[in-house]
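Take a look at the structure below.
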Amino acid sequence: MVYRDDYFIRHSISVSVVILRAWITHRYSGGDLNVKWEENLLHAVAKNYTLLKTIPPFERPFKDHQVCLEWNMGYIWNLRANKIPQCPLENDVVTLLGFLFASSGENTGIVKKFPRFRNRELEATRRQRIDYPVFTVSLWLYLLHYCKANLCGILYFVDSNEMYGTPSVFLTEEGHLHIQMHLVKGEDLAVKTKFTIPLKEWFRLDISFNGGQIVVTTSTGQDLKDYHNQTISFREDFHYNDTAGYFIIGGSRYVAGIEGFFGPLKYYRLHALHPAQIFNPLLEKQLAEHIKLYYERCAEVQEIVSEYTSTVQQGDRRQEACDLRNSYLDLKLRYGRPSTCRALLWEKELKAKHRSLFQALLEMGLVTVLRNQSESVLEIGGRIFEKAVKRLSIVDGLHQISSVVPFLMDASCCGYHKASYYLAVFYETGLNVPRDQLQGMLYSLVGGQGSERLSSMNLGYKHYQGIDHYPLDWELSYAYYSNIATKTPLDQHTLQGDQAYVETIRLKDDEILKVQTKEDGDVFMWLKHEASRGNAAAQQRLAQMLFWGQQGVAKNPEAAIEWYAKGALETEDPALIYDYAIVLFKGQGVKKNRRLALELMKKAASKGLHQAVNGLGWYYHKFKKNYAKAAKYWLKAEEMGNPDASYNLGVLYLDGIFPGVPGRNQTLAGEYFHKAAQGGHIEGTLWCSLYYITGNLETFPRDPEKAVVWTKHVAEKNGYLGHVIRKGLNAYLEGSWHEALLYYVLAAETGIEVSQTNVAHICEERPDLAKRYLDVDCVWRYYNFSVFQIDAPSFAYLKMGDLYYYGHQNQSQDLELSVQMYAQAALDGDSQGFFNLALLIEEGAIIPHHILDFLEIDPTIHSNNISILQELYERCWSHSSEESFSPCSLAWLYLNLRLIWGATLHSALIYFLGTFLLSALIAWTVQYCQSVSASGSHPTPARAPRDPTAPAASPAVTPAADASAQDQPTVTNNPEPRG
């Protein structure tokens, strides 16, 4: 504490404040001298303290130890004696949220986790304040409603024991803030603010903790001058360790989130700041203003619709509202067509502003509305939306987009957020409207806040990839994807709604397209015929198609159950028996019959069906509460490879009811969930993604990217997305290009890969359509999106490789990226990828070493281009699916022939023979000329003899020189790489 570190003093004490205390106490007879000084201080009759001035470690003097070091130790010490170590550049300010987050009021939110400080001084300060918290939270909010439950989550800390910690901030039903802290002694303490926070207005909430004092401030207005402020003081000591758990913004499995929007959120980990000292501006100010204007307009729309429905339902025939009542109108109402409202009380003031809304309301029949007295604003919005979509489904539907946009805006304002998603896609892609990224973000956020599934997937995908001006943020992406992923298994068991099974059907695959059918299609009719004859496989396939809505067949659970019942009762097929038992247990489209269901389940299990063995465990767990018997069946099914059984065993460990195991065991539960997830189990996948995002289990280290990947995988199985894809596929099969492009673009913008490549394929087939209606480069955009997906097909890599090779519109040629795309296709086992890489080498391109490593081609073994070419062509041939000669085999043969010919031209024997023959020919010619001249005969006219030297010239001279001038064989007129 006095001297600087040197060879002998290795770790001097680093302090910032020193307090010297002195006190006087009575000396009690027989007193304990080992009493702690804190207790003595409490009984002191006199006490005082003073602050000592501290000297920073590197301003202290060196101590003269009067010791001489050996020369080598002294030399080493002098090398670093005067070097001041640099602490990592770090501060305590953390930006938890930098972009707007649409909170739907459900049980999903953003998960953030603080690491320990890398800076030693900051980390020491943080540890010292575990029982004396000093920090500040600043966040922007836009609330649509107060909490509909007791509490709604705003920002709260969850510790390693899954308990609320300090701080935890919630919203109440009345609009107050509920602030909760965890005390050092283990209890919890909460306080509620006296003031309420504003609705439908952006405001900044600042909360600072300084020991036992909390200051809460809400600021509104242009310069944040309008505010509410409250100071709350406590005598208790709060426990605060911001690294022993994780923070949640919004909802979670513990509590629902607020309904509204979060703006930028900053967290000052070591400072209690006054609002004037906080720097946390509303960054996306223009977008935030658009959100505010949207809800102001929607308030007017909802008021108009409410007044309209109220007037219609009350049957008010006032002169201002409808035509004058007379005998003729009585007859017309009784026997004529339904009447329509011709005028409304507020039409004059708002007609110009809401022209499309009034047009839609006036076109609705009064009688139709009156039949349903409980019709709401949402249902009116649904009617407006359906009418607009009907116009988009005609032959030139894309041409109608600009005219239906106002109606979609009205439907969105009525809370029907399918319309919001349509608008988001129209503006983001410029689909027959001027491309407007800000409007696209607005409607995507509005749809996400309204819990529209496709909007949430769109937001999750854009934040996952960091595209279209959305910042890359995996935690934010997880919040959106997890919302839909948790609904997906529930949606799958719901028999209502516009849902279809999500199938991977590529428009390039003619074989798959041929088996798509409808209820009157050949494939369906053949299956029905075979099923009627008692074919168990046909019965099961037919029932699955009808139950899930697969292969182009409309969802029809009632008809599916008939086939399940027929197959289960007439055949001995265990799969059909099991399927029918499940629908009887759950009462899906049929009356529940637990006795018959159990009988059928046992019958299927006796035939060795692992699903039925798992089903018996489920029965004893759910209905009998016999956990020992349930675990017995699940362990057996798990050994048979059933992922449902793995998940169920995990649930037993998680709930702490596994027989013979006391208490909960989250580690074992996580292991079983992971095994179930690897088998494709949806709920197991969701649990694993939760563990990866929180990082609260040692066996699941925090990995936000992996959490997003797993939730994205589940969300993309949602039936509502499948319905959109199916509509696009049906339109494509029927030759309705406008409708096919519309629905595939809607699906592609959610981030599902198969729709991205399909819409790119449509744009390749109909470039005129894409160029006319889309304001984005369709082929480039969607193939480029698809290659960044985990399950991208090889033909997408080949296509992007071609686009980089040739250059495409605004994209210049990029051989390096082209090589990367071809290499990825090759790694996926596509022979065309190897072939294109080989052609690039033949053209003189150089394959980087990291690409060769990527392809597992050892540069030490294949040290030149010839060797690499041979390896690529051999792999190309081995991966080729053609039985006869393929381009790969021909290219390999041609390369080897060239190598043989080149080796032949370099042969010493050929040089020797050529030289010998040439010398002999020259000697014979000279001798012949001498003999002719010596004969002295006069020359006689004769035919010019053929030059004997022409064919005898050595073929090795010129070609050999050419071959030696380059490192590899040259090929003229090489074919270019193709996709």
Side-chain angles (χ1 to χ4, degrees), residues 96 103 105-107 109-110 131-159 162-220 224 226-240 242 245 247-263 265-268 272-275 278 280:
L96 289 180
S103 178
E106 296 171 300
N107 293 83
I110 305 170
D131 59 351
Y132 191 90
V134 178
F135 64 91
T136 302
V137 179
S138 176
L139 70 154
W140 286 87
L141 286 170
Y142 184 93
L143 287 176
L144 296 174
H145 309 284
Y146 292 139
C147 188
K148 294 178 180 177
N150 291 330
L151 296 174
C152 292
I154 296 178
L155 174 70
Y156 45 99
F157 185 78
V158 178
D159 64 20
E162 303 295 325
M163 302 293 291
Y164 290 132
T166 305
S168 294
V169 184
F170 304 96
L171 177 67
T172 69
E173 295 174 282
E174 301 83 16
H176 300 280
L177 290 175
H178 172 101
I179 304 173
Q180 185 169 311
M181 292 74 62
H182 187 63
L183 302 180
V184 171
K185 57 186 179 181
E187 299 174 356
D188 291 313
L189 182 67
V191 64
K192 187 166 67 174
T193 59
K194 296 179 180 178
F195 60 85
T196 59
I197 54 181
L199 289 176
K200 295 187 178 179
E201 181 181 10
W202 283 103
F203 68 94
R204 198 179 81 181
L205 172 63
D206 301 320
I207 306 176
S208 67
F209 283 71
N210 192 353
Q213 186 180 74
I214 305 174
V215 180
V216 186
T217 306
T218 58
S219 307
T220 58
L224 301 179
D226 302 327
Y227 63 90
H228 291 281
N229 181 282
Q230 183 177 348
T231 301
I232 309 162
S233 298
F234 300 92
R235 292 185 178 181
E236 291 83 355
D237 293 327
F238 302 149
H239 181 268
Y240 171 69
D242 60 7
F247 287 90
I248 296 178
I249 304 167
S252 67
R253 58 196 176 108
Y254 308 109
V255 65
I258 61 167
E259 290 187 59
F261 299 88
F262 286 87
L265 195 163
K266 281 195 175 182
Y267 198 103
Y268 298 82
L273 302 178
H274 186 271
I278 297 172
N280 184 26

message: Less than 6.0 angstrom separating the ring centers of F247 and F157, yes or no?
response: yes
Could you check whether Y254 and Y156 have their ring centres less than 6.0 Å apart?
no
Working to the nearest 0.5 angstrom, can you tell me the gap between [X] [atom1] and [Y] [atom2]?
X: H274; Y: N229; atom1: NE2; atom2: CG; result: 7.0 Å
X: I179; Y: I214; atom1: CD1; atom2: CD1; result: 5.5 Å
X: R204; Y: T220; atom1: CZ; atom2: OG1; result: 11.5 Å
X: H145; Y: I258; atom1: NE2; atom2: CD1; result: 11.5 Å
X: D188; Y: F238; atom1: CG; atom2: CZ; result: 11.0 Å
X: L96; Y: F262; atom1: CG; atom2: CZ; result: 11.0 Å

Taking all atoms of both residues into account, what is the closest heavy-atom pair of [X] and [Y], and its distance?
X: V255; Y: G153; result: CG2-N, 4.1 Å
X: N210; Y: A272; result: CB-CB, 3.9 Å
X: A149; Y: E173; result: O-CG, 2.7 Å
X: A256; Y: G105; result: CB-O, 3.5 Å

Give a yes or no on whether the backbone of [Y] and the side-chain of [X] come within a donor-acceptor separation of less than 3.5 Å.
X: T136; Y: L273; value: yes
X: N107; Y: S252; value: yes
X: S138; Y: K266; value: no
X: Q180; Y: Y164; value: no
X: Y146; Y: L199; value: no
X: T166; Y: H239; value: yes

Got [X] and [Y] here, is their nearest side-chain heavy-atom distance under 4.5 Å?
X: Y142; Y: K200; answer: yes
X: Q230; Y: L177; answer: no
X: I207; Y: P167; answer: no
X: N150; Y: F170; answer: no
X: D206; Y: N280; answer: no
X: W202; Y: F261; answer: yes
X: K148; Y: E259; answer: yes
X: P133; Y: M181; answer: no

task: Show your reasoning for whether side chain to side chain contact (heavy atoms under 4.5 Å, CB included) applies to L141 and F203.
output: CA-CA 6 Å; L141 286 170; F203 68 94; 3.7 Å; yes
- Task: Report the C-alpha separation of V191 and L189 in whole Å, then their side-chain angles, then the decisive distance to 0.1 Å, and conclude whether the side chain to side chain contact (heavy atoms under 4.5 Å, CB included) test is met.
- Result: CA-CA 7 Å; V191 64; L189 182 67; over 6 Å; no
Could you walk me through whether L139 and I154 satisfy the side chain to side chain contact (heavy atoms under 4.5 Å, CB included) test, starting with their C-alpha distance in whole Å, then the side-chain angles of each, then the deciding distance to 0.1 Å, before giving a yes or no? CA-CA 10 Å; L139 70 154; I154 296 178; 3.8 Å; yes
Parallel, tilted or perpendicular: which describes the rings of F135 and F209, with under 30° parallel and over 60° perpendicular?
parallel
- Message: Parallel, tilted or perpendicular, judged at 30° and 60°: which one describes the rings of F195 and H228?
- Response: parallel
Check: What do the steps show when you test I249 against L265 for side chain to side chain contact (heavy atoms under 4.5 Å, CB included), and what is the final call?
Finding: CA-CA 9 Å; I249 304 167; L265 195 163; 3.9 Å; yes
